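First up is the structure itself, then whatever we jot down about it.
Just so you know, residue 1 is the first one in the sequence shown, and it goes up from there. What you see is a predicted model; the values in this text were computed from it and never measured.
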Amino acid sequence: ITSIAAAPGGLEIDYELATRVGTGNWVSTGADFAPTATLATAIVKTNDRVTVTLANMINVGEVAPGTAAIINGEIFRVDAIDITDGFCMLARGCVDTVPAAHTIGDRVYFYQDHIGVDKTEYAAGVVVQTQLLSRTGAGTLSVNAAPVVNHTITQRRERPYPPGKVLINGIAYPQSITGLLSVSWAHRDR
C-alpha cells in the first residue's frame, strides 16, 4: 500500500499512513506531503507530451525534471517545469498507465520522493483499511478522528504493462475511422 497526500494548509508538518486488516492493530509509517498543484489548462487524450499551466501550487519549487507526477491515476514524467510562469511539460502514459483526458481543476501530485509506504506484502483480494493521520507540533491526528478507506489488493505490480503509443490508422485516439483498419503500438515490458 502506498499513499500520496497534499498538505491540508494548516499547521501540518507531515503525516502517517496507518494500515490494518480486519480488526487488527493499526500500523503506521511516516511520510511527507507531496508538492501539488491544480491544472489551469485541460489535458486531452493524446500520446504526445503535453504542456500545461499550473495553479494553486504548494511546494512545487521542490519539483525537478525527470521526476514523477500523477493525475487521476495516470502517471507522468516531468520533462520541464517553471514555477514562475506555472509552466509544466509532461510525458504521457508512464509506467503501467495509458493517456487519459484531465480537466481544469484536477489535482497534480509530484510524488517522486513524497509517498507513504506500508511494506507489508498482502495477498490478492485482501482488504486493507487505510488512514492518513496528519501530524503537527502538537501531535498526530487520532485514528478515531480520521476517515477509513478500504483498498482491495489487486497485485498491480504483477500485471503486464499495456501497449504504448497505440495508433489506429496512424492516429492516436481517433473519433472514428473508415476503410481498412491498421493498428500499431510500442511494446512495453517490465
Are Asn150 and Thr152 close enough that some pair of their side-chain heavy atoms sits under 4.5 Å apart? no
Does a sphere of radius 6.0 Å around CG in Asn25 hold more than 12 heavy atoms from other residues, nucleotides or ligands, not counting ones at 6.0 Å or beyond? no
Over all heavy atoms of both residues, which pair between Leu133 and Ala146 is shortest? Give the atoms and the distance, please. CD2-CB, 3.5 Å
Checking the side chain of Thr41 only, and the main-chain atoms of Thr53 only, is there a donor and an acceptor separated by less than 3.5 Å? yes
Spell out, as yes or no, whether a donor-acceptor pair under 3.5 Å connects the side chain of Glu12 to the backbone of Ser134. no
Count the heavy atoms of every other residue, nucleotide or ligand shown that sit under 6.0 Å from CH2 of Trp26, and state whether that count exceeds 12. yes
Verdict with supporting geometry, His102 and Phe76, side-chain contact (heavy atoms from CB on, under 4.5 Å): CA-CA 12 Å; His102 305 284; Phe76 296 83; 3.9 Å; yes
Exercise: do Tyr15 and Ser3 side chains pair donor with acceptor under 3.5 Å: yes
Under 4.5 Å between side-chain heavy atoms, hopping through other hydrophobics if needed: is there a path connecting Ile168 to Trp185? yes
Give the cluster check for Val166 versus Val98: same hydrophobic cluster or not, with ILVMFWY residues linked at side-chain heavy-atom distances below 4.5 Å. no
Does Ile104 belong to the same Ile/Leu/Val/Met/Phe/Trp/Tyr cluster as Val52, with side-chain heavy atoms less than 4.5 Å apart forming each link? no
In short, Gly66 meets Gln112 closest at the heavy-atom pair O-OE1, 4.5 Å
In this structure, would Val50 and Val63 fall into the same cluster of hydrophobic residues linked by side-chain contacts under 4.5 Å? yes
Option from Val21, Ile1, Val127 for which side chain to side chain contact (heavy atoms under 4.5 Å, CB included) with Ile153 holds: Ile1
Other residues, nucleotides and ligands only: do more than 12 of their heavy atoms fall within 6.0 Å of CD1 on Ile177? yes
In Å, rounded to the nearest 0.5 Å, how long is the span from CD1 of Ile83 to SG of Cys88? 11.5 Å
When you look at Thr97 and Val95, which way does the side-chain contact (heavy atoms from CB on, under 4.5 Å) test go after all the steps? CA-CA 6 Å; Thr97 65; Val95 189; 5.6 Å; no
Tell me the closest heavy-atom pair linking Ala5 and Tyr109, and the distance in Å. C-CE2, 4.2 Å
When rounded to the nearest 0.5 angstrom, what distance separates OG1 in Thr67 from CD1 in Ile81? 7.5 Å
Neighbour count above 12 (heavy atom, 6.0 Å) for Gln155 CD: yes
Check the pair Arg77 / Asp79 against side-chain contact (heavy atoms from CB on, under 4.5 Å), numbers first and verdict last. CA-CA 6 Å; Arg77 181 187 66 238; Asp79 285 347; 2.6 Å; yes
Among Thr29, Thr2, Leu17, find the residue that satisfies the side chain to side chain contact (heavy atoms under 4.5 Å, CB included) test when tested with Val117. Thr2
CG-CG distance between Asp14 and Leu132, expressed to the nearest 0.5 angstrom: 12.0 Å
If we only count heavy atoms from C-beta on, is the Leu167 to Asn47 side-chain gap below 4.5 Å? yes
Which heavy atom of Phe87 sits nearest to which heavy atom of Ala80, and what is that distance? CE2-CB, 3.8 Å
Any donor-acceptor pair under 3.5 Å linking the side chain of Arg188 with the backbone of Pro162? yes
Quick one: CD1 on Ile58 to OG1 on Thr38, what's the gap to the nearest 0.5 Å? 9.0 Å
Just wondering, do Asn59 and Phe33 contact through their side chains at under 4.5 Å, heavy atoms? no
Could you walk me through whether Arg92 and Thr46 pass the side-chain hydrogen bond (donor to acceptor under 3.5 Å, both in side chains) check? CA-CA 8 Å; Arg92 303 300 303 269; Thr46 176; 5.6 Å; no
Answer yes if Ile71 and Met57 sit in the same cluster of Ile, Leu, Val, Met, Phe, Trp and Tyr residues linked by side chain heavy atoms under 4.5 Å apart, and no otherwise. yes
Between CG on residue Leu54 and CZ on residue Arg107, distance to nearest 0.5 Å: 11.0 Å
Restricting to non-hydrogen atoms, name the atom on Gly116 and the atom on Ala31 that form the minimum distance, rounded to 0.1 Å. CA-CB, 3.5 Å
Non-hydrogen atoms of Ser28 and Ala18 that approach each other most closely: OG-CB, 3.6 Å
When you measure from the side chain of Gln131 to the backbone of Val143, do you find a donor-acceptor pair of N or O atoms at a distance under 3.5 Å? yes
Between Asn169 and Leu180 (side chain of the first, backbone of the second, donor and acceptor by atom type, cut-off under 3.5 Å), is there such a pair? yes
dist Ile70:CD1 -> Tyr111:OH (nearest 0.5 Å) comes out at 5.5 Å
